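The next block holds one structure in the form of structure tokens; read it before the comments.
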Number of protein chains: 2
Amino acid sequence: MKQAQAALKMENFETLCRERGIPLTVQRRVILGALVGREDHPTADQVYEAVADRLPGLSRATVYRALETLVEVGVIHRASHLGNAARYDPNTERHHHLTCLKCHKVVDLEEAALDAIRLPGGLQGFEIMDYSVHLQGLCPECRKKTRPLKAKSA
Amino acid sequence: MKQAQAALKMENFETLCRERGIPLTVQRRVILGALVGREDHPTADQVYEAVADRLPGLSRATVYRALETLVEVGVIHRASHLGNAARYDPNTERHHHLTCLKCHKVVDLEEAALDAIRLPGGLQGFEIMDYSVHLQGLCPECRKKTRPLKAKSA
DNA sequence: CTCCGTGCAAAAGGTTTGCACTGGT
DNA sequence: ACCAGTGCAAACCTTTTGCACGGAG
């Protein structure tokens, strides 16, 4: 059940916070709660809307900060490039992207093997026009620089 | 060679513009020229920086508009969701995304077939930690609403 | 010649930050 | 009690838009 998963995720979050000495605030709990209950991918503002009644006087800044914390702890993901600016790509052929988790560099990958993926059927009623594979990892430079495990230099 | 490709892309752009009655301005040409010369995925601001000396008095607004035009004509792609807000995803398991090209809705897709993709080797020195498949198309609702081919309502 | 594109500046989101206060540990 | 988190408001960054002018078709 989703309910059970949500409860697990919340427990997991609490454990992780205690381990890392991160204060467990009401805001963070409610925000995570609102997030795990959803199937869509809400924006920060939508999260704010969702929890505003449960947290009177809540500030949008807090939503942003709490979401950031949740991402750091690892209980949610942020779906978008870290930089909030759009990027433009002159390569209009089918290609894929390699993104560096550390420096956020994006490089193209033209790889016939990835172009040949057979898409499964019944994609929730979507009519697929195109697809691309998004690979995330460490670029050569960042691999040299550090041997990171955790995100923050903490 | 990349040079030849760039020249071809420029010619292609000019042809498409003439076909569609889109004025061919210096700005658009220079901006496209700066873009096809690069391997990275510059932001609008980086494009502005790149062409600023060649186009004195250039406005950032023009860069945005020109980029938009280039995307419409199809000679470049925009790499990012149209909505400029970050989205948060409580699902931290391996999963993929279906994005609607019209309403920009994003839904999760958990599909074992896509989890089993064998990654090719020699990924430009990257150490891959994770990957996901990004499918783009029309969601059921938008498929009903219109029969779009072109972006603009002209 | 007519329009559309451009430049400028202001507006419109989205996100971050400084500061005083509150709440978690 | 201490330190980090919160709320508020202002700052900041990216992108869009209105308007007058100039260049493209």
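Treat the numbers as computed from the prediction; the structure is a model and nothing was measured. So you know, we letter chains A, B, ... as the sequences are listed, proteins then strands, and number each from 1.
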Exercise. Does the side chain of B:His41 pick up a donor-acceptor pair with the side chain of A:Asp108 at under 3.5 Å?
Worked result: yes
For this session: Without swapping roles, check the side chain of A:Thr62 against the backbone of A:Leu58 for a donor-acceptor pair under 3.5 Å.
Result: no
For this session: For the helix from C:dC1-D:dG25 to C:dT25-D:dA1, figure out the bend between the end axes, five pairs an end, and round to 10 degrees.
Result: 40°
Exercise. Mind checking whether B:His96 and B:Tyr131 have parallel, tilted or perpendicular rings, split at 30° and 60°?
Worked result: tilted
For this session: Classify the nucleic acid contact of B:Ala44 as base, sugar-phosphate or nothing, counting any heavy atom under 4.0 Å across all strands shown.
Result: sugar-phosphate
Exercise. With distance as the sole criterion, do the side chain of A:Arg18 and the base of C:dG24 form a donor-acceptor contact below 3.5 Å?
Worked result: no
For this session: Have a look at A:Arg28 and say if it touches a base, only the backbone sugar-phosphate, or nothing, with a 4.0 Å heavy-atom cut-off.
Result: sugar-phosphate
Problem set entry | Side-chain N,O (A:Tyr64) to OP1/OP2 (C:dT15) below 4.0 Å | yes
For this session: Mind checking side chain to side chain contact (heavy atoms under 4.5 Å, CB included) for A:Glu49 and listing every partner two or more places apart, or none if nothing turns up?
Result: A:Asp45, A:Arg60
Exercise. Just to confirm, is there a sub-4.0 Å distance from OP1 or OP2 of D:dG7 to any side-chain nitrogen or oxygen of A:Thr62?
Worked result: yes
Exercise. Would you say B:Gln27 reaches C:dG7's phosphate, i.e. side-chain N/O to OP1/OP2 under 4.0 Å?
Worked result: yes
Problem set entry | Within 45° cone and under 6.0 Å: B:Arg143 NZ/CZ vs A:Phe126 ring | no
For this session: Search all heavy atoms of A:Pro42 against all heavy atoms of A:Leu35 and return the closest pair with its distance.
Result: CG-CD1, 3.4 Å
Exercise. Once you round it to whole Å, what is the distance between C1' of D:dG18 and CZ of B:Arg60?
Worked result: 20 Å
